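A short write-up of the structure that comes next.
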Amino acid sequence: MRWSYMCSKFLNARGVAFNSYFFLSILFETIKNPTRYALSERRCHCVSRFEKLRRGPKLLGFIDNLEDKVAAETLHAGLVKNATVVELNVGNYMLSIYVKFKHLVAAQKMFDEMPARDVKSWTIMISGFARMGSFRLALDLFSQMLAEGVCPNQFTLSSVLKCCSSVVQTGRSVHGWLLRNGVVIDAVLKNSILEFYVTCGELNHAERLFVFMGDRDTVSCNIMISGYIQSGDWEKSLDMFRRLPSKDVATWNTVIYGLMQNGFQRKALELLYEMLNIRACFSAYTFCIALFMASSLSNVKLGRQMHAQLIRVGLHNNDFIRSSLIDMYSKCGKIDNASIIFKRKQNSDFNYDSTMEDTVSRSSIISGYVRNGRWEDALQLFFNMISKGIKVDKFTITSIISACVDCEMLNLGQQIHALVLKSGHKLDMLLCSSLIDMYSKCGSLSDAHLLFNQINDRNVILFTSIISGCALHGQGKDAIFLFELMRNEGIQPNEVTFVGLLTACSHSGLVDEGCRYFRLMKEVYGITPGVEHFTCMVDLFGRAGRLYEVKQFIDDNGVSHLSSVWRAFLSCCQVHKNVEMGNQVAEKLLEIDPSDAEPYVLLSNMCASGDRWEESARLRNLMRRKGVKKQPGQSWIRLNNRLHTNLMIMGSNHENYQPCMIETRLKRCS
DNA sequence: CTAGGGTTAG
């Protein structure tokens, strides 16, 4: 950085505007053509300085401080083309740049081609994989390193320990090894050991280590605090927090975020306000946590306060913060605000440095658009990326798949599936669940099954997606089969899984099975049934025509205060044309919510279909008198890649059918 | 040590 500073001073003094590209082109040319320059005087000056610094630590420092992946790649290409033997130090710096930009493929390639490797090279790679969460790969590399007889140092071991939370044995032996071999245990390594025992759940061991630790710093305390919260012992962690003589920002952040993540939102909020009251200094982390709190609590007021503060302290243009702001506004339903924040950055993109892609902000806004039903905006941004050749990451893809589901665009969904396969993205669990959901909701259950069968290690959500898909298609037996398969694989179903399963039973008339699973859910899995489950059960009995059992069920379970339960009941009365019971149920519903239009409509339709026209008309009149309005139904159809929607006017037949225009241009979706 | 984007629900 000092070199670039010198250079910039030199150029500025001559009024030359320059940026990193200019700077790099010099480096590039120098490497390519070390002896023959045809450079202007200015450049010569630069280059001569560069030559002097070439092998010195300053150049290496400069490379290390490169803030751009493209720049790093250019430089690397230069080194390769020149076919000079890459010095070990330079090579290591290149490696660290690739790792810094998470360009692990390039790093791996470079690493493989290096003529010589030292501990540092290995460590850079291992810590890179560890930071990216590729623990398996990092550990493989570590064992390879040992096999080649390279002795690890404290940096290596510190990274290796990060990967050992699920392979406790390895972590333990690393700990033992470094004790036996007299490796210098500095503060960082000490904390890595502590963290290892915390994350693999050996809190007692960690506690002992902590007590006997000679020089505990705030980091050690933070690790313990976060360990206590993660194990559910928030009282102990708060106690420790309170007893700390001095608290730095990271400690506040740790405890607030921990409380937030473990369901103690109120406590977290109290502490945040306490921080404000004692005028503790906020860091960028604190703001991110606060924004995250605002979005999870849908508390725009808090979010706005934070936004104002951020502008005051000038942090609002930080990429991390911006994406948090975008996310906060879109999760609070203020998609326009989110959009403004996103676009403001786009518009200020005129100089080189800001062309660095802020992929997170973009995927945040895309998911925000999808969440808020602005599919057209989401798709436009997405298509824009495709046509510009920008790599689409899995977050964006998953959001777009959701959009496909909402718009039932099977075609586009298929294309995206192809895109995923082509781009070599690993089909991760989240992506797969959304694809399965997409296929089943867009009508192609067989494709959903096909995809499901390709995945080896499955989780609850994956199973839930496919079970819900079966439910949607009335394949009750398949849903049950998959559910049992899931249990056999040792996966715990959750409340959503049971919604899917019970729905499947009710849609296929499997009353006894449904009852059995309802009991299983409560008794074996300890899941307290929610509104959805009760509604499913009512539907289960009701569809089968067992209307008296519905009543019994409602009374037995004490759910007569839930309007959705009665509503399901009422629609069953309609299906089975039981006007008497329908009347009673509708009355119940109106007791709960007199402004609800649905009971009137259902009841009047029921009367109409039973040729009881006067009664039907009376109900409609009653509605008008009470000023109860029904939301018109809406349907849509796609013709020539255009989405047309139709509003159905209540009680109408096709005469007052009003075509209404929402147009979604599905560019490129052939 | 602490921060951002994605999945399942009549």
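Numbered from 1 within each chain, the chains take letters A, B, ... in sequence-line order. Values reported hereafter were calculated over all heavy atoms of this structure, with side chains retained and with hydrogens, waters and symmetry mates removed. Quick caveat: nothing in here was measured; it's all calculated off a predicted structure.
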Rounded to whole Å, the CH2-P distance (A:W252 to B:dA3) equals 17 Å

Report yes if the side chains of A:L379 and A:M409 come closer than 4.5 Å at any heavy-atom pair, otherwise no.
yes

Separation of B:dT7 atom P from A:I491 atom CD1, nearest Å, is 20 Å

When you measure from the centre of the six-membered ring of A:F342, is the NZ or CZ of A:R362 under 6.0 Å away and within 45° of the axis?
no

A:Y517 atom OH is separated from B:dA9 atom P, nearest whole Å, by 20 Å

To the nearest angstrom, the CG-C1' distance between A:N191 and B:dC1 comes to 8 Å

Residues passing the salt bridge (Lys or Arg N to Asp or Glu O under 4.0 Å) test with A:R131, sequence neighbours excluded, are none

Original post:
Between B:dT7 and A:K394, is there an OP1 or OP2 to side-chain N/O distance shorter than 4.0 Å?
Top reply: no

Which part of the nucleic acid, if any, lies within contact of A:D539, taking any heavy atom under 4.0 Å across all strands shown: a base, the sugar-phosphate backbone alone, or nothing?
nothing

- [ ] Check whether any side-chain N or O of A:K162 sits under 4.0 Å from OP1 or OP2 of B:dC1, and answer yes or no.
- [x] yes

Correct closest heavy-atom pair for A:G514 and A:L540 would be CA-CD2, 3.9 Å

Per atom distances to the A:S402 side chain, the nearest of B:dA9, B:dT7, B:dC1 is B:dT7

Here the gap from A:S330 atom OG to A:I366 atom CD1, rounded to the nearest 0.5 Å, amounts to 12.0 Å

Regarding the side chain of A:S465, the nearest nucleotide among B:dT8, B:dG5, B:dT2 is B:dT8

So is the aromatic ring of A:Y257 stacked onto the base of B:dT2, judging by whether the centres are under 5.5 Å apart and the planes are under 30° apart?
no

Winner on side-chain proximity to A:Y285, out of B:dA3, B:dG6, B:dA9, is B:dA3

Quick note, A:K441 side chain, CB onward, closest among B:dC1, B:dT8, B:dG4 is B:dT8

Taken to the nearest whole Å, NE2/A:H417 to C1'/B:dT7 is 15 Å

Near-parallel close stack of A:F395 and B:dG6 base (under 5.5 Å, under 30°): no

Of B:dG4, B:dT7, B:dG6, the nucleotide closest to the side chain of A:S323 is B:dG4

**OP:** For A:I289, report the nucleic acid contact type (base, sugar-phosphate, nothing); a contact means any heavy atom under 4.0 Å.
**Re:** sugar-phosphate

Among B:dA3, B:dC1, B:dA9, the one nearest any side-chain atom of A:V496 is B:dA9

Using a 4.0 Å heavy-atom cut-off, does A:S226 contact any base of the nucleic acid, only the sugar-phosphate backbone, or nothing at all?
nothing

To the nearest angstrom, the CE-P distance between A:M275 and B:dT2 comes to 16 Å

Problem - Sugar-phosphate only, base, or nothing, as touched by A:S364 at under 4.0 Å among non-hydrogen atoms - result: sugar-phosphate

- Contact class for A:S324 (heavy atom, under 4.0 Å): base, sugar-phosphate, or nothing? sugar-phosphate

Those residues at least two apart in sequence (or on a different chain) that pass ring-ring contact (aromatic ring centres under 6.0 Å, His included) with A:H473 are none

Check whether any side-chain N or O of A:R371 sits under 4.0 Å from OP1 or OP2 of B:dG6, and answer yes or no. yes

Check every strand shown and say whether A:A250 touches a base, only sugar-phosphate, or nothing at a heavy-atom separation below 4.0 Å.
base

Side-chain contact check for A:I223: nearest option of B:dT7, B:dC1, B:dG4 is B:dC1

### Query
Hey, does A:D217 reach any base, or is it just sugar-phosphate, or nothing, if we go heavy atoms under 4.0 Å?
nothing

